[in-house]
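These notes are about the structure you will find just below.
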Amino acid sequence: GMRLEDELLRIRQILKAAHIELTLEGDPKLKHTSLMNENVLSMCMKEAVTNVVKHSGATACSIIIEPSRKELTLRIQDNGTGVMGENAVFRGHGLQGIKERLEFVNGCMELHSDEGTTLVIKVPNITE
Ligand code: ATP
Ligand code: MG
């Protein structure tokens with residue numbers, strides 16, 4: 001499994017090589033998220049950033065980590081072309097895979113596309 005922090009190190013390198021400027025907001029050291037859910041988040045973030053590099057033509061990418069008591073929200077945002085067409089999720093395997101992994105852990109995903117693309121990913125936290 002991969003901690004979010006470790007995956008971020010690789011993502012920094014991938015974006016740097018593609019000349020896409022990374023902005024990181026929030027603490028990648030997750031405190032209330034299970035290891036399994038963190039592992040799912042890491043895989044989703046990797047696929048999202050791979051898509052930014054492959055499809056968006058963006059010059060900038062923001063990764064925003066938003067903790068709350070109930071859930072962890074991760075936003076991957078780019079300033080590229082946006083996703084063309086309604087059925088993007090069914091065009092490849094990446095987004096579909098993200099959706100299925102998230103459903104498995106009771107998380108969810110939303111894709112927003114206007115100026116650039118934003119992928120919003122949520123997983124439940126450990127709450128006692
Ligand atoms: P795979 O992930 O299976 O290698 P893929 O990347 O084409 O192939 P998905 O990751 O499911 O498949 O993405 C589906 C489609 O959504 C892409 O083909 C692309 O057209 C569009 N897309 C996804 N992310 C972005 C993005 N950040 N900017 C622009 N288009 C995007
Ligand atoms: Mg993909």
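Excluded from the calculations below are hydrogen atoms, water molecules and symmetry mates; all remaining heavy atoms, backbone and side chain alike, are included. Counting starts at 1 for both ligands and their atoms, in listed order.
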Donor-acceptor list for residues 23-32 side chains, cut-off 3.5 Å, not counting sequence neighbours:
from: D27; atom 1: OD1; to: K29; atom 2: N; distance (Å): 2.9
from: D27; atom 1: OD2; to: K31; atom 2: NZ; distance (Å): 3.2
from: K29; atom 1: NZ; to: E5; atom 2: OE2; distance (Å): 3.3

What donor-acceptor contacts under 3.5 angstrom involve side-chain atoms of residues 92-110, with partners at least two apart or in another chain?
from: Q96; atom 1: NE2; to: E100; atom 2: OE2; distance (Å): 3.2
from: E110; atom 1: OE1; to: H112; atom 2: NE2; distance (Å): 2.8

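Salt bridge present: K122 and E71 bring a charged side-chain N and a carboxylate O closer than 4.0 Å.
Note that OG of S62 and CG of L22 are 7.5 Å apart. Values are rounded to the nearest 0.5 Å. Distance check: T73 OG1 to I121 CD1 gives 10.0 Å after rounding to the nearest 0.5 Å. Distance check, rounded to the nearest 0.5 Å: CG of L4 to CD1 of I11 gives 7.5 Å. Here the OG-CG distance, from S56 to D78, works out to 4.0 Å after rounding to the nearest 0.5 Å.
For ligand 1, the protein residues within 4.0 angstrom (heavy atoms only) are E47, N51, V52, K54, H55, S56, D78, T81, G82, V83, A88, R91, G92, H93, G94, L95, T117.
Between N79 and T59, the side chains place a donor N or O and an acceptor N or O closer than 3.5 Å (distance only, hydrogens not considered).
Protein-derived N/O/S atoms nearer than 2.8 Å to the Mg ion (ligand 2) total 2, waters excluded.
Looking at heavy atoms from C-beta onward, I65 lies in side-chain contact with L72 at the 4.5 angstrom threshold.
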